[in-house]
Amino acid sequence: AQSVTQLDSHVSVSEGTPVLLRCNYSSSYSPSLFWYVQHPNKGLQLLLKYTSAATLVKGINGFEAEFKKSETSFHLTKPSAHMSDAAEYFCVVSWPKGSGNTGKLIFGQGTTLQVKP
Amino acid sequence: DTGVSQNPRHKITKRGQNVTFRCDPISEHNRLYWYRQTLGQGPEFLTYFQNEAQLEKSRLLSDRFSAERPKGSFSTLEIQRTEQGDSAMYLCASSLTSLETQYFGPGTRLLVL
């Protein structure tokens, strides 16, 4: 069965410092992996996705994530945090191609990112 | 293209009442998904449609829940005889195919008193 674990429920950084949000996945197949962001009172927005192409994936707003199969990880990073980055972040896995893919997404528990001035 | 829309945005009801939510996907998106998100948790899959066909239902979807997508356009999610445990955010998402990005609506927040 596929699952995803976000290792930190809450991360606090100062504005201008690097951001690291950690995610580990479990999958019998090569997964599709995503990071979504949820701002208060707004819908979920896709930050980036990995679908078996380049292992380093660049997303919107300066975020990127690296797929590491040996570590079963897909950590999200940003070199310099901005106040507007404060939000809830979800690491997500999807059934891959060729496995009866339904496309349904399996979400982690979420990481709350706090950015201090 | 105005994205995925959901109505109502908020719903307060008394236990035992029926409620219905609507989701309008991005036009031409064949796939439509429903998820439920409770406080402090990530969204959980409920069900999905390929055009008008409902192809999978989660075990979370008890027999009090029913979803439809007539003509493969908008979808409705009905909860009968609501319970306090049904209080949650109900999210709708659509995608062009199963392999494409899912775009989420703003959600309908349900509070059952």
Side-chain angles (χ1 to χ4, degrees), chain A residues 1-10 21 23-25 29-53 57 59-60 74 76 87-112, chain B residues 1-10 21 23-26 29-51 53-61 67 88-109:
Chain A
Q2 294 195 114
S3 65
V4 60
T5 302
Q6 293 183 242
L7 301 174
D8 307 292
S9 60
H10 188 272
L21 305 183
C23 172
N24 286 110
Y25 68 91
Y29 303 90
S30 294
S32 293
L33 292 161
F34 311 79
W35 277 97
Y36 277 83
V37 61
Q38 188 174 39
H39 288 92
N41 300 315
K42 291 191 176 181
L44 285 158
Q45 181 184 20
L46 179 70
L47 277 179
L48 49 81
K49 66 178 179 181
Y50 165 78
T51 53
S52 75
V57 182
I60 62 171
F74 191 58
L76 181 70
E88 189 79 12
Y89 291 79
F90 293 98
C91 184
V92 183
V93 65
S94 176
W95 293 100
K97 300 178 190 179
S99 66
N101 185 2
T102 68
K104 68 181 180 184
L105 302 179
I106 300 168
F107 285 76
Q109 300 276 56
T111 298
T112 303
Chain B
D1 179 4
T2 56
V4 179
S5 61
Q6 293 187 246
N7 289 288
R9 294 290 306 276
H10 304 273
F21 311 140
C23 170
D24 287 272
I26 294 171
H29 276 194
N30 298 319
R31 289 280 180 122
L32 188 148
Y33 300 82
W34 285 99
Y35 295 85
R36 181 172 69 185
Q37 184 178 19
T38 53
L39 206 59
Q41 303 295 317
E44 296 174 290
F45 169 79
L46 292 179
T47 187
Y48 87 96
F49 293 83
Q50 170 76 32
N51 298 314
Q54 187 176 18
L55 298 184
E56 185 175 345
K57 294 192 289 186
S58 160
R59 287 174 294 178
L60 293 174
L61 216 63
M89 175 77 86
Y90 290 84
L91 296 165
C92 176
S94 72
S95 66
L96 198 55
T97 69
S98 65
L99 302 177
E100 297 297 321
T101 298
Q102 291 185 27
Y103 295 90
F104 283 81
T108 295
R109 186 173 296 281

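Order of the sequence lines fixes the chain letters, A, B, ..., with proteins taken first and strands second; residue numbering starts at 1 for each chain.
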I'd like to know whether NZ of A:Lys49 has more than 12 heavy-atom contacts from other residues, nucleotides or ligands below 6.0 angstrom. yes
Side chain, backbone, both or neither of B:Arg109 within contact of chain A (heavy atoms, under 4.5 Å): neither
Is the number of heavy atoms from other residues, nucleotides or ligands under 6.0 Å of B:Phe21 CZ greater than 12? yes
Which pair of non-hydrogen atoms, one from A:Leu105 and one from B:Tyr35, has the smallest distance, and what is that distance? N-OH, 3.0 Å
Donor-acceptor contacts, no H, no angles, side chain residues 36-43 of chain B, under 3.5 Å, sequence neighbours left out:
residue: B:Gln37; atom: OE1; partner: A:Gln38; partner atom: NE2; Å: 3.2
residue: B:Gln37; atom: NE2; partner: A:Gln38; partner atom: OE1; Å: 3.1
residue: B:Gln37; atom: NE2; partner: B:Gln41; partner atom: O; Å: 3.1
residue: B:Gln41; atom: OE1; partner: A:Gln109; partner atom: NE2; Å: 3.3

Can you tell which part of A:Tyr36 gets under 4.5 Å to a heavy atom of chain B, answering side chain, backbone, both or neither? side chain
Between B:Glu44, B:Arg9, B:Glu56, B:Gln50, which has the largest tally of heavy atom pairs under 4.5 Å with chain A? B:Glu56
Nearest-0.5 Å distance that lies between atom CG in B:Leu46 and atom NZ in A:Lys104: 11.0 Å
